Amino acid sequence: MTSNGKILVIGSGFAGFWAALAAKRFAGDRVDVTLLSPEPVLQIRPRLYEARPETLGVDLLPLLAKVAVDFARGEAAGLDPEAKTVRLAHGAQLSYDRLIVATGSRMRRPPVPGAETSYSVDTQAEAIAFDTRLAEIALKGTVPTIAVVGAGFTGIELVLELRDRLLFHGGTEAAERARIVLIDRADVVGPELGPGPRPVIEEALGEARVELRLGAQISELSANRVSFADGSSLAVDAVALATGMAAAPFAAQLPGERDHLGRILVAASLRAPEAPEIFVAGDAAAADTGDGHRALQSCQHAGQLGRVAGENAARDLLGEACLPYKQLRYLTCLDLGRSGAVVTQGWDRRIDKTGAEAKAMKRFINTQLIYPPIDGSAETLLDGSSTDTMDRAGRLKEQAA
Ligand SMILES: Cc1cc2nc3c(=O)[nH]c(=O)nc-3n(C[C@H](O)[C@H](O)[C@H](O)COP(=O)(O)OP(=O)(O)OC[C@H]3O[C@@H](n4cnc5c(N)ncnc54)[C@H](O)[C@@H]3O)c2cc1C
């Protein structure tokens with residue numbers, strides 16, 4: 001069968017991977033689909049606060065080969081929507097008939113001296129570098145102090161994992177005695193999580209003996225010191241940043257309006273407003289979930305945005321009407337280390353589960369739900385590209401029962 005055109009997907013995260021598969025599922029041999037990324041790896045970013053970050057990437061080449069999606073290695077550096085070409089950082093150029101921008105997000109480092117060289121767990125490489133430092137600290141033989149800046153989702157999950165991570169590296173004494181400090185300029189922990197789950201989070205932080213330094217403005221960071229705007233400072237063995245995310249730089253190449261996180265404001269079809277051949281998905285897209293809420297920069301939304309963007313790019317190329325993106329169910333599941341986890345339902349984040357029950361759900365999400373079916377057939381992979389995240393959860397649980 002002759003191809004009706006080329007779909008190029010930029011980014012091999014949750015959005016880009018599922019977009020490529022959804023395009024292929026809908027159009028089969030009628031379109032050529034290429035996934036462009038610096039490495040053919042799906043980084044399991046939601047788990048990068050955990051131990052063994054070197055294991056938290058999925059090799060996509062065997063999966064893409066099963067469904068006849070091509071892989072192009074490279075970093076997109078420029079875009080010409082008129083000519084329908086993408087320029088790569090190493091100089092080559094790729095053309096497309098429909099483009100899906102799924103370039104994700106990057107942590108926003110605070111604008112203070114030293115922030116550029118502080119640790120983080122934003123990418124697999126950064127998480128590995130932090131883990132290497134933790135391994136050194138664990139065996140140093142002194143009582144360590146580790147600071148985490150940012151008391152949002154990632155900062156909370158990270159501080160509550162640190163004692164066990166020191167233990168994992170053989171630092172029994174360090175794990176027991178470490179001083180762990182969580183810093184935020186906000187006056188409360190988890191400011192964006194709202195008041196619902198806060199008491200449970202505060203209790204877990206207390207049980208883990210995490211010191212809170214809230215309402216604190218940092219002014220400078222170095223390898224061994226955090227300085228504050230009030231003139232005080234804290235000597236540390238390591239400081240890791242968890243200061244929130246914004247769209248990765250490539251999104252700035254697209255024409256059109258963006259939100260305060262640099263995401264492109266897309267239509268319900270996920271089409272870029274000023275570039276009709278371009279669709280945007282995942283952390284690069286500011287999309288309405290269909291009920292007046294804005295999709296978050298989350299894995300939960302990225303996968304589903306990718307599935308819809310991929311199918312719509314294929315539909316559009318084949319002259320069929322696009323579908324509206326809708327994602328009405330929303331839950332959060334926050335790992336609380338030795339205190340279990342907390343699950344909330346809905347945008348007002350009503351507590352649904354805590355303790356061991358919530359922890360079992362977190363394990364299911366982190367070890368099954370967010371992974372593609374690695375050993376699955378082409379049919380299973382393509383089938384997953386049509387499924388809503390929550391439906392997938394239901395199916396996986398049925399299979400396990
Ligand atoms: C520590 C941590 C914990 C998290 N916890 C949770 C959680 O519990 N629940 C949850 O729902 N979400 C969580 N998230 C957020 C979640 O990981 C992201 O929302 C999700 O990864 C977004 O998927 P994405 O595909 O849009 O982007 P990404 O995963 O960021 O993938 C983007 C892809 O694009 C590629 N790329 C970027 N720029 C270019 C370019 N110029 N050219 C080519 N390729 C490019 C990247 O290499 C990458 O392959 C967490 C994130 C972190 C860092």
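Only this structure's heavy atoms are used, side chains among them; waters, hydrogens and symmetry mates stay out. This is a predicted model, so every value here is computed, not measured. Whatever order the structure lists ligands and atoms in, that order sets their numbers, starting from 1.
- Using a cut-off of 4.0 Å between Lys/Arg side-chain N and Asp/Glu carboxylate O, Glu39 and Arg73 are scored as salt-bridged.
- Counting atoms of ligand 1 from 1 in the listed order, those under 4.0 Å from a heavy atom of Ala15 are 25 (O), 26 (O).
- Under a 4.0 Å heavy-atom criterion, Gly303 is not in contact with ligand 1.
- The protein atom (non-hydrogen) at minimum distance from atom 52 (C) of ligand 1 is Arg45 O, 3.5 Å.
- Of the polar atoms of Ala76, at least one N or O is found under 3.5 Å from an N or O of ligand 1, judged by distance alone.
- Between Arg263 and Asp283 no salt bridge is recorded (no basic side-chain N to carboxylate O distance below 4.0 Å).
- Of the options Asp184, Asp187, Asp230, a salt bridge (Lys or Arg N to Asp or Glu O under 4.0 Å) to Arg213 is made by Asp230 and by none of the others.
- Heavy atoms only, all atoms of each residue included: Ile100 and Ala309 are closest at CD1-O, 3.8 Å.
- Remark: Asp288 does not engage Arg294 in a salt bridge, criterion side-chain N to carboxylate O under 4.0 Å.
- A salt bridge between Arg271 and Asp316 is present, with a side-chain N of the basic residue lying under 4.0 Å from a carboxylate O of the acidic one.
- With respect to Arg109 and Glu126, a salt bridge is recorded, a charged nitrogen being found less than 4.0 Å from a carboxylate O.
- In this structure a side-chain-to-backbone donor-acceptor pair under 3.5 Å is missing from Arg179 to Pro144.
- At the top of the distance list for atom 23 (O) of ligand 1, counting protein heavy atoms only, stands Ala302 CB, 3.4 Å.
- Atom 50 (C) of ligand 1 has Pro46 CA, 3.8 Å as its closest protein atom, hydrogens excluded (heavy atom only).
- Those atoms of ligand 1 with a heavy atom of Gly13 less than 4.0 angstrom away are 25 (O), 29 (O), 31 (O), 33 (C), 49 (O).
- In terms of protein heavy-atom proximity, atom 21 (O) of ligand 1 is closest to Phe14 CD1, 3.5 Å.
- Donor-acceptor pairing under 3.5 Å is lacking for the side chains of Thr243 and Arg108.
- Atom 44 (N) of ligand 1 has Pro38 CD, 3.3 Å as its closest protein atom, hydrogens excluded (heavy atom only).
- Set against the non-hydrogen atoms of Gly282, the atoms of ligand 1 under 4.0 Å away are 26 (O).
- The Ser105 neighbourhood of ligand 1 comprises atoms 30 (O), with distances under 4.0 Å to a heavy atom of that residue.
- When heavy-atom distances to ligand 1 are checked against a 4.0 Å cut-off, Thr103 comes that close through both its backbone and its side chain.
- Minimum heavy-atom separation, Val67 to Lys24: O-CG, 3.2 Å.
- Annotation: Arg106 places no N or O atom under 3.5 Å from an N or O atom of ligand 1; distance criterion only.
- Residue-to-ligand polar distances keep Ala284 apart from ligand 1: every N/O pair is separated by 3.5 Å or more.
- With respect to the salt-bridge test (charged N to carboxylate O, under 4.0 angstrom), the residues Lys140 and Glu136 do not qualify.
- Of the protein's non-hydrogen atoms, the one nearest atom 18 (C) of ligand 1 is Asp283 OD2, 3.2 Å.
- For ligand 1, the atoms closer than 4.0 angstrom to any heavy atom of Gln297 are 15 (C), 19 (O).
- The closest approach between any non-hydrogen atom of Lys362 and ligand 1 is below 4.0 Å.
- Distance SG/Cys333 to CG/Asp352: 9.5 Å, rounded to 0.5 Å.
- Here's the thing with Phe250: none of its N/O atoms is less than 3.5 angstrom from an N/O atom of ligand 1.
- Nearest to atom 34 (O) of ligand 1 among the protein's heavy atoms is Gly11 CA, 3.2 Å.
- Salt bridge status for Glu161 with Arg338: absent, with no side-chain N to carboxylate O gap under 4.0 Å.
- Taking only nitrogen or oxygen atoms, main chain and side chain alike, Thr154 does not reach within less than 3.5 Å of ligand 1.
- Ranking the protein heavy atoms by distance from atom 16 (C) of ligand 1 puts Cys299 N, 3.7 Å first.
- In the vicinity of Gly74, heavy-atom distances shorter than 4.0 Å reach the ligand 1 atoms 43 (C).
- Taking the side-chain contact (heavy atoms from CB on, under 4.5 Å) definition, one finds that Arg87 meets it with Ala77, sequence neighbours left out.
- Close contacts of ligand 1 with Gln300, meaning ligand atoms under 4.0 Å from a residue heavy atom, involve 11 (O).
- Atoms of ligand 1 found under 4.0 Å from any heavy atom of Ala102, numbered from 1 in the order shown, are 32 (C), 33 (C), 34 (O).
- Looking at residues two or more places apart in sequence or on another chain, you find a side-chain contact (heavy atoms from CB on, under 4.5 Å) between Thr332 and Phe153, Tyr330, Thr344, Arg349.
- For the residues Ala77, Ala19, Gly104, the heavy atom positioned nearest atom 27 (O) of ligand 1 is part of Gly104.
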